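Shown next, in structure tokens, is the structure this report addresses.
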Amino acid sequence: DAGVIQSPRHEVTEMGQEVTLRCKPISGHNSLFWYRQTMMRGLELLIYFNNNVPIDDSGMPEDRFSAKMPNASFSTLKIQPSEPRDSAVYFCASSLYGQGRIHEQYFGPGTRLTVT
Amino acid sequence: GDSVTQMEGPVTLSEEAFLTINCTYTATGYPSLFWYVQYPGEGLQLLLKATKADDKGSNKGFEATYRKETTSFHLEKGSVQVSDSAVYFCALSLNTNAGKSTFGDGTTLTVKP
């Protein structure tokens, strides 16, 4: 299996621009998580989905952030407009959720976002 | 709410030293417990897991035992190597909330030759 795939791996953009981060979860997984990691705040859960439905977006920092999961094999995280304080590494993770299962998460390699 | 508290870092050890990273948790139910490792420039990856009291998870020489009475899941390794230098995260997951996990703050380990 290719694992969780994220693109792009690096993104440099100017303040005010729209940024779209992409994630392909592991085939067959039904839960997907978006995280942000910075030195100051550590690892933060932004939003998560189950069966393509958003379950909890309380970690999304502002209305400038939005996420979608149009199907089981694709999700996007969009920032519009971007600001320098959004600079971070964004991770996508997936897992197989169900009764009796062990819910370990599989992380992608991350997208390093720099907003200048 | 659910929470995980990890030993603060950074931790610096010499090669072949014994490693312990403490982890305690608070949970409303009976969680599964995990240790994840993050190498520089990479995402987190599962190191080991345990699903019930007294279970011992092990992998790559690392071990952790699920202690319900002390709500702990301490990570240990008998002899660390330079290649073990990484950030280690303790986490828990309940059988709810789509498998969401609660992570500790991470502990940075540096092993010197």
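These numbers come from the heavy atoms of this one structure, side chains and all, not from hydrogens, waters or symmetry mates. Below, read A as the first sequence line, B as the second, and so on, with proteins coming before strands; counting in each chain starts at 1. Note that the structure is a prediction, hence the values are computed from the model and not measured.
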Is it true that atom [atom1] of [X] has more than 12 heavy atoms of other residues, nucleotides or ligands lying nearer than 6.0 Å?
X: E8(B); atom1: CD; answer: no
X: R112(A); atom1: CZ; answer: no
X: E14(A); atom1: CD; answer: no

Quiz item: Between Y36(B) and F33(A), is there a shared hydrophobic cluster once you connect ILVMFWY residues whose side-chain heavy atoms come closer than 4.5 Å?
Solution: yes

Which answer fits [X], side chain, backbone, both or neither, if we ask what part of it has an atom under 4.5 Å from a heavy atom of chain A?
X: E42(B); value: backbone
X: T51(B); value: side chain
X: K100(B); value: both

Quiz item: Backbone N or O of A98(B) within a donor-acceptor pair of the S31(A) side chain at under 3.5 Å?
Solution: yes

Quick check on [X] against chain B: is it the side chain, the backbone, both or neither that has a heavy atom closer than 4.5 Å?
X: Y106(A); answer: neither
X: Q6(A); answer: neither
X: R9(A); answer: side chain

Quiz item: Do the charged groups of K77(B) and D84(B) touch, with an N to O distance under 4.0 Å?
Solution: yes

Self-check item: chain B contact residues among residues 78-98 of chain A, heavy-atom distance under 4.5 Å
Solution: F91(A), S95(A), Y97(A), G98(A)

Quiz item: Does one side chain, of Y35(A) or Q105(A), offer a donor that lies under 3.5 Å from an acceptor on the other?
Solution: yes

Practice problem: To the nearest 0.5 angstrom, please state how far the CD atom of E63(B) sits from the OG atom of S58(B). | Solution: 6.0 Å

